[in-house]
Amino acid sequence: MESTTQTGSFWMPPQASTTAAEVDSLFDFIMDLNYIFFAIIFAMTVYFVVKYQKTDENPIATSDLSHNTVWEGLWTFIPLVLCLIVFVWGFRVFLNNTVAPDNAMEINVTAQKWSWSFKYDDGQTTSDLYAPAGQPVKLILKSKDVLHSFYVPDFRIKSDVVPGRYTTVWFEAMKPGDHRIFCTEYCGRQHSGMYRTVHVLSAEDFAKKKSDGFEGRPEGQDPAVWGKQLYSKYGCNACHGLEEGEVKVGPSFYGIYGRKGETADGQSYVANEEYIRESIMEPMAKIVKGYAPAMPSFKDQIGGDQMDAIIAFMKTLK
Amino acid sequence: MSQHDTHHDDHGGHHVTPLWLYHLIFGGLLCLTVITVWIAQFDFGPANTVIAMFVATIKASLVALFFMHLLHDERLNALTFGFGLLFVCLFFLFPLVDIGTRTYIDPIKDNASILKQEKIVKAQEVHAKKHKKALGNLSNLYNRSFMNVAEDEAEAKPVPAATTEPVEGDSTAK
Amino acid sequence: MSTIITHEHAHHFYDNEQQASSAKLGMWLFLVTEVLLFSGLFVAYTVVKSLHPEMWRVASSQLDWVMGSVNTLVLITSSWTVALAVRAAQTNEKGEKNSQIVGLLAFTILCAFGFLIVKYFEYSHKIHDGLLWGKSYFNHPEAIEHLKEGIKQTFSMDVTALSSPEFLAGLKAHTAAGTHDGQHLIHHYASTVTYADTLMTVEQGHLFFGVYFLLTGLHGIHVVIGMSVLAWVLVLAQKGRFYKDYYTPVELGGLYWHLVDLIWIYLFPLLYLV
Amino acid sequence: MSSNTQANPEYQLGEKESTNYINASKGLMSWLFTIDHKRIGLMYLFTIMGTFALGGFLALAVRLELFTPGQTIMGPDAYNRVFTLHGLVMVFLFIIPGIPAALGNFVMPLMLGAKDVAFPKLNLASFHIYVIGTVMALYTTLDGGVDTGWTFYTPYSSTIDSQVVMMTMSAFVLGFSSIFTGLNFVVTIHKMRAPGMTWDRLPLFVWALYATAIIQVMATPVLGITLLLLAMERVMGIGIFDPALGGDPVLFQHFFWFYSHPAVYIMILPGMGVMSELITTFSRKRIFGYRAIALSSIAIAVISFLVWGHHMFVSGQSAYAGMVFSFLTFLVAIPSGIKIINWSTTLYKGAISLDAPMVWALSFLILFTIGGLTGIFLGALGTDIHLHDTYFVVAHFHYVMMGGTAMAFFGGMHYWWPKMFGKMYNEFAARLAAWTVFVGFNVTFFPQFIMGSRGMPRRYYDYLPESGYQIFHQISTVGSWILLLGMLIMAVNLFSSLKNGKEASSNPWEARSLEWLTQSPPIEHNFHEIPTVVEGPYEFPIATATATPQGAESSDP
């Protein structure tokens, strides 16, 4: 039992949430049905093919059997009943997986190309999800741009994230550990890179880390080093390279600090602190000439410390 | 020829509808059009659409049955058309079931209305604080019909000098 | 069964009867596909309306029901005449002139033309007022100035007070309302609920006009196609092709034209009246 | 009619006429503008082989890219375009027209005892439109392609910068081709049947085509309007599907799946029809439960319109809608199940010969069973939430579409090849190809079930090395090479048969339906005199082995 929850079964990933086991038992039931029915049909087919081969002794069929109402009724009825059982069972599991308990802790999730951000009740935001074990957590999902889908295989939860609406999922993680979050609705170039991690912490660790700030600068770390981590954490790397002259969706960060240039509407700019801050918070304000206005805003996601660290990191790129 | 399910000498487009019937149907269609327009003046609330669709369906049936000869034509043609309408109904049914029941199980309430309420609440707060008087004025306009407010009032107003505030700034910045 | 067979049926059919009945079934199937094509727009209509009922009410009152009614009458009349044309073909003896068919078809085409003229006036009015789809909605240069002044006069409040983020976003997105009709929308709607809703209504009015132009546009295209089909049938009729044993093209052209009428029968109340 | 007065009871095999539909007229124009359903069928067949090859190579590229994590042979942008194009080509250019337009066009009028389809010119127009649509799709690809996936979900498709409008218009045009084919088939089946060919004497392939044609006519227009709306969304900014403008993105999915779920049955039903022909002919035995199979085709066609929401269980549609759709989904499982068991039972007490078409048919039976059974996981709400949009789904629909329809397509192609060209292919090579494809298919797609249920999302350019998915991807990629090998053997064998193949008799498989009555290859107008049918299409005699197909009384002199 212990090993199943750690590494999963042959078919399924580990069970890390309270509802995962329910889903798995339905899965196992259907899988058993599959084995049985496949075995029946496979055996019948192979047996008949071997037994009734056309040979010189058996050149033509020996029966003109055309139908059998009893048998046909039976193999309509039995699968129908089984299907209805699966339907009812599936719907109950679904309901349990959909309706969150009243005492669930709410976390707001925002998806955008191609990153996630998680906002907690105290207002802090993170790019990985932090959740306490043994406590139901309800995620309220929204998207800033296109459809995404929030998927944690180990929790067996998934929901599309729809722009202009809110959708929800909930889970209760059983014990501390890390689990993968995927985006499963195709959302463009970096779709497969839109994975993050759920860090499940014990209730005490969660409370402590929360008050310290989940993703504050690790003690003693160089701001520029932290800035580089943030650069990949927020998915900047999807569109901005670090090599000289590298062109992705946006311009390269190489030598960005102090760079002079022209915007799409013909004004000139100098990439100082203020410019960089504005470009991250309100990317549409100044578009560098020759690039599409494609960047999403990181308002409400990147805090003051982090901004300083990112700028410190940019200053090192020469 | 008996194998061809639709070969009957009295069918297959040989039925000639008498002239007076065409004229009668035409008259009926005209009357029904007048009725639709007349009835639209009254407000029956949500029943408005139902009533209008009911009248429209009578009209459409008249056209289909008599002008398009479905009544006396091969049954297969009517069946084909009816089958098509069945699928149209399905097409309406399921999206509407979805949109109509999104609030039922989901404990978060209607997603659309949350967005809307957020907007309304926010705007109302700003509003109520600063312009209590203006809100009172709104109710004066309550019963004025759309058409009545029309040109005369709007035209009477001179275009004022532009006040400088963010709306203009934003719209011209580009 | 026909006694005089003068129209040669195609090689793969047994006789005229089979050919005519096949053609008609084919036509009906085609009409079904047309109905399903339009049903997509009607579903869009229903869903958008149910998402924004208030906006819909205000925006739809911008349409001129008189023009709609005139067009309804025109189409119904044309439907009647084309039905009579089919009957004329059904009762025509072999060798007789087709002048009655030709006359009725010509009148039908004339009606279709009248329909398009009325549509032309409706469209140009909407275009003039900026009541259009998507980003073209209210896209007039002086729009903002008009709007601000209109709001100031009507509600005796300063426009800065309306600077809620939503309002500004709406204005930016759509360069909202400034024409007379834009003010109508605001006046009418502001008087019923709250200001926030007014703004949303103004913002989202483009959805109504999007659906309006799609529905009437697609229908208009069908009117044009129907006219061409009937014109082709008319040319054949002038050559004296049709008589009681062979009139399939008249009948099929007629069916198509009736369908155009059928769709309008639903379009008219849904857009102009409800 | 004339055929009733016809008195020519003697049915003679042999005595081939030298003029047949292939050599009746010469020159490219005589093919491109022919209205002969057999020639149109052949043109479809060769075009479709081309599109299948294209789609296949795209699939090989996808598999090769996934062989290692990170970039293997192409970057993410290229990958996204390749998998999108693979889907579009396989769905719209191969599998939807595949069996109905190529095999159906050729065989169906022959099976009915008709001289052509009801509207031969429309049939030709339908082919021309198909070619135009194909050219548009290929042009779009060269012009930058699209990366939306074949589903074109909004708002991604309505906002990104790629050739979406052109590609949707291509699919729009292809839709017309599909509608016209369906319309033609419905009318043909209703109006063009030979004397004595009652509904319960129709071959099951014709029943399946009839059911397919109903869906083509009823569902495809909705695809048309959906794509039109999407194009308008991009060109005019209508906003019905765009939340930023007040629309509802989930509505697009309703629109899209109203067509695309029934379209799944446009893809599989004709395959099921081919199966019924193959299984009976090669076990030389009457089909078990003719009526159940025929009616289940119609049932599938109708129910297929009721279940589209199972593609949207996690899309944010209401839970009630999810419940209703899940329930209806299970109803559609039943008729498919009936078919499978009936085919299997048909083998009982038959005289089975494992000729190449039969090997394909047995592959279908096994693979489609797996594909169908795994569908239960996806119809059940509880498990679908976990499996949705993972490789489990990819594996499931490949088992149904490729393991089902494509196998039936190849089986049917081998079955009717002698009729089409009057030549026999090399039987050993044909069986070898079928077995190789069977093995390659399983090696390719079975691992995808496992990694899918373990959480590997679909449409992923990349995966993490530490996630444990790599080994499954690698097995799968190796499987795709085995598949390629099988396909190559098949192609070489078939094409070389055109030159070197033995002459085929008019009825090489001793089958019982009317297409085997006329010579191979058939004469220009199929039959000199319309045959009169006196018995069902599967009346394999028990006492003696010779009789004319369906007891037909007249044929070639």
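Naming convention: chains lettered A, B, ... in sequence-line order (proteins, then strands); numbering from 1 in each chain. The figures here come from the full heavy-atom set of this structure, side chains too, leaving out hydrogens, waters and symmetry mates.
If you measure heavy-atom distances from C/Leu25 to chain D, the contacts under 4.5 Å come from both the backbone and the side chain. D/Phe241 does not touch chain C: none of its heavy atoms, backbone or side chain, sits under 4.5 Å away. Contacts of D/Ile179 with chain C are made by side-chain atoms alone, with heavy-atom separations under 4.5 Å and no backbone atom involved. Looking at D/Met218, the atoms closer than 4.5 Å to chain C (heavy atoms on both sides) sit in the backbone and in the side chain alike. Residue D/Leu229 touches chain C through its side chain alone, counting heavy-atom pairs closer than 4.5 Å.
Per-residue heavy-atom pair counts under 4.5 Å with chain D were compared for C/Ala23, C/Gly26, C/Ser39, and the maximum is reached by C/Gly26. With respect to chain D, the highest number of heavy-atom pairs below 4.5 Å among C/Leu218, C/Leu214, C/Val48 belongs to C/Leu214. Among D/Val117, D/Ile238, D/Leu228, the residue with the largest count of heavy-atom pairs under 4.5 Å with chain C is D/Ile238. When each of D/Thr220, D/Leu223, D/Asp242, D/Ile240 is scored by its heavy-atom pairs under 4.5 Å with chain C, the top score falls to D/Ile240.
For the 3.5 Å distance criterion, the side chains of C/Asp245 and C/Asn16 fail to qualify, holding no donor opposite an acceptor. Checked by atom type, the side-chain pair C/Ser21/D/Lys191 shows a donor-acceptor distance below 3.5 Å.
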Quiz prompt | side chain to side chain contact (heavy atoms under 4.5 Å, CB included) evaluation trace for C/Leu255 with C/Lys24 | solution = CA-CA 9 Å; C/Leu255 282 178; C/Lys24 216 201 288 185; 4.1 Å; yes
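For D/Val324, the side chain to side chain contact (heavy atoms under 4.5 Å, CB included) partners two or more places apart in sequence, or in a different chain, are B/Phe94, D/Leu328.
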